[in-house]
Amino acid sequence: MAVATPTTNKATRLATPAELSGVGRALVMAGKLSQEAADEIARKAKDGNKPFIAELTESGTVSSSELAHILSQSFSAPLLDVDALDTVRLPRDLIDPQLAVKHRILALKKRGNRLLVATADPSDNEVVEKIKFTTQMGVEWIIAEYDKLMRLIEAHNKSAAEAIGSMAEGGVTEFGFEDLGDDGAPPEEEETDIDVEDAPVVKFLQKMLVDAFNMRASDLHFEPYEFTYRVRFRIDGELREIVSPPIVIKEKLASRIKVMSRLDISEKRVPQDGRMKLKLAPGKVIDFRVSTLPTLFGEKIVIRILDPSSAKMGIDALGYEPLEKKRLLTAIERPYGMILVTGPTGSGKTVSLYTCLNLLNKEGVNISTAEDPSEINLPGVNQVNVNEKAGLTFASALKAFLRQDPDIIMVGEIRDLETADIAIKAAQTGHLVLSTLHTNDAPTTLTRMRNMGIAPFNIASSVILITAQRLGRRLCEKCKAPTEIPRDTLLEAGFTEADLDGTWTPFKPVGCAACNNGYKGRVGIYEVMPITEELQRIILADGSALEIAAQARKEGVRSLRESGLHKVKIGVTSLEEVLAVTNE
């Protein structure tokens, strides 16, 4: 009986060292594994859809430690014990986490234009090219034991995912984002689709925005540092750290915010500005102004909450005293002239201006505004965003307004002589002009305009009222408590002997569950100075700010400090807060 000769074909022949994976070939060439055993392990790995190294170590054929030593010698790469690593200081943003998990690698350090990467398989040329493409850096392999490396990668990514997931918990509803594109069109489909891997980041962002709104925050700060990442809210004028998410999310979070704000996600070298909307309910949409800034360790993003309802609170909610309110209302009811609101950034100038515009916004009135950018959407008002790159400046917008038959013009800020000159001419030719300046108080506003090059006659004949303002924290009504303040301290703060008549009691912040360290909300502190005939004479004589201030006091105009001290007398805020915001 003839014996059949074994035949070899493509399906049954053994693999040669050249046909094995890089790791298998290295083991065969080193004499640690037979060709038949390597081929069998490769077949099982393929059937089980596992990496060759995983099947090799799980079978016990070669230990992880021995394998690492062999590969270190075969590929002339240094060997590292990952147990000795300080995982807190490991960089989390050099390699995309999905790429790291898929190819079982871990970024260790950046050295010049080279990236040190831990791997158990230094023969993986595919991942080398991917890293080069995404990071624009070369790769230096550091050999690590497979089982230890896997545990570290799993813990590294699991902790981040769990942290983000836990931060996004709490019954956050899937609120809808609305686009604010220049063309009014919705964002393209690929921009709104949410990757399964990115879902925790999207929920985290939504939670931060909703929490910020519910906590009455004015701004959100997303700040990356070398080894940490933090999110802070500005609440009642003070920044508070809310959460410190894993630093690994900073790129995805920045990209998500950029997509929703219609910014260039590929541009990370220059600042960008954009806007987005969050729809909380069918009738409740919140606007957000987004600003990105490149920093040493990533892009810092600040999001300002723009609540349109703030312009409709009414003038009484802003904190004007009766006399100050009367002076302001008298001024805005005049058919022409210029009203200026001054104060530092964040002092509530825009809300004050829009409160006035809301009072003036009637069917028979044509109102136009130029801002950089428009922060509050007010139906019935023609709002223009200046765009200096396109040539649409405050000055050019003002010129265009004057050809549009306006009754009332609002200029976001007077920054230069050209804008000031056009605004003054508009106020002199039958238009009511509202604008802002960055000065410390009302009297210095007039000298600031003089220093800009505006003639005294034009200032005296156009400006009808100046309001300087600050925002102070309001004491919590539930927990504020009476306090004793030495008489000398009160006098030094600005109270007069007549004020210390014993008929009032100062209060101090305490703190409770309903407030923020004893304060809840903010109140305006105002210096409202109408331009009277006596003040006009001082202006025409090119008088100083001190002369203007002295005359204003004679006419009963309270300074910012005096207005703040009045708020202390009536128990609205604390003396410490007034001294802080009206530093004279």
Side-chain angles (χ1 to χ4, degrees), residues 10-83 85 87 90 92 94-108 115-135 139-161 196-197 248:
K10 193 172 183 180
T12 61
R13 66 182 176 86
L14 297 177
T16 65
E19 293 171 325
L20 290 169
S21 70
V23 174
R25 186 166 60 251
L27 291 172
V28 172
M29 298 299 290
K32 294 295 181 179
L33 202 64
S34 68
Q35 184 177 326
E36 291 81 0
D39 182 68
E40 180 65 17
I41 292 172
R43 183 187 63 78
K44 289 182 178 179
K46 184 177 180 180
D47 292 343
N49 195 25
K50 291 191 297 186
F52 179 88
I53 293 181
E55 183 64 35
L56 177 71
T57 54
E58 289 174 9
S59 66
T61 306
V62 179
S63 69
S64 294
S65 176
E66 185 179 10
L67 175 63
H69 281 83
I70 293 171
L71 294 179
S72 176
Q73 294 174 357
S74 299
F75 289 88
S76 300
L79 183 63
L80 173 71
D81 183 2
V82 295
D83 287 342
L85 287 175
T87 57
L90 283 178
R92 295 177 179 265
L94 295 178
I95 296 179
D96 179 41
Q98 295 182 36
L99 182 67
V101 172
K102 180 179 179 181
H103 291 274
R104 299 162 294 281
I105 57 176
L106 186 66
L108 300 177
L115 193 60
L116 305 185
V117 182
T119 182
D121 184 2
S123 67
D124 193 345
N125 294 321
E126 177 189 355
V127 71
V128 171
E129 295 304 317
K130 288 182 179 180
I131 296 173
K132 286 182 178 179
F133 178 77
T134 57
T135 66
V139 176
E140 288 187 16
W141 285 132
I142 306 295
I143 309 299
E145 296 178 33
Y146 179 76
D147 52 355
K148 291 183 179 180
L149 183 61
M150 291 304 98
R151 288 197 297 269
L152 182 59
I153 292 174
E154 182 181 0
H156 202 56
N157 290 279
K158 183 179 180 181
S159 61
V196 173
E197 297 289 338
V248 69

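This structure is a prediction, so every number in the text was calculated from the model and none was measured.
- In terms of heavy atoms, P78 sits closest to S72 at C-OG, 4.1 Å.
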Do I131 and I105 pass the side-chain contact (heavy atoms from CB on, under 4.5 Å) test, and can you show the C-alpha distance, the side-chain angles, and the key distance before you say yes or no? CA-CA 11 Å; I131 296 173; I105 57 176; 3.7 Å; yes
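- A distance-only check finds a donor-acceptor pair linking the side chain of W141 to the backbone of P122 [under 3.5 Å].
- Shown here for K148 and D81, the closest heavy-atom pair between the two residues is NZ-OD1, 3.2 Å.
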I'd like to know whether N125 forms a side-chain contact (heavy atoms from CB on, under 4.5 Å) with E129, so could you lay out the CA-CA distance, the side-chain angles of the two residues, the decisive distance to 0.1 Å, and finally the verdict. CA-CA 7 Å; N125 294 321; E129 295 304 317; 5.7 Å; no
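- No more than 12 heavy-atom neighbours from other residues, nucleotides or ligands sit within 6.0 angstrom of NZ on K44.
- When all heavy atoms are compared, the tightest approach of L116 to E140 is CD2-OE1, 3.2 Å.
- Of the possible donor and acceptor atoms, none in the side chain of T119 sits under 3.5 Å from a partner among the backbone N and O of I143.
- Remark: S64 engages T57, E145, Y146, D147 in a side-chain contact (heavy atoms from CB on, under 4.5 Å) (not counting sequence neighbours).
- Separating the CG atom in L79 from the OG atom in S65 is a distance of 7.5 Å, to the nearest 0.5 Å.
- Closest approach of V62 and L67 over heavy atoms only: CG1-N, 3.8 Å.
- Using a 4.5 Å cut-off on side-chain heavy atoms (C-beta onward), R104 and P51 make contact.
- Residues forming a salt bridge (charged side-chain N to carboxylate O under 4.0 Å, His left out) with E40 (at least two apart in sequence, or on another chain): R43.
- Rounded to the nearest 0.5 Å, atoms CG (L71) and CD1 (I53) are 6.0 Å apart.
- Side-chain contact between L56 and L33 is present, with at least one heavy-atom pair separated by less than 4.5 Å.
- Taking 4.5 Å as the limit, some side-chain heavy atom of L80 sits within range of a side-chain heavy atom of L108.
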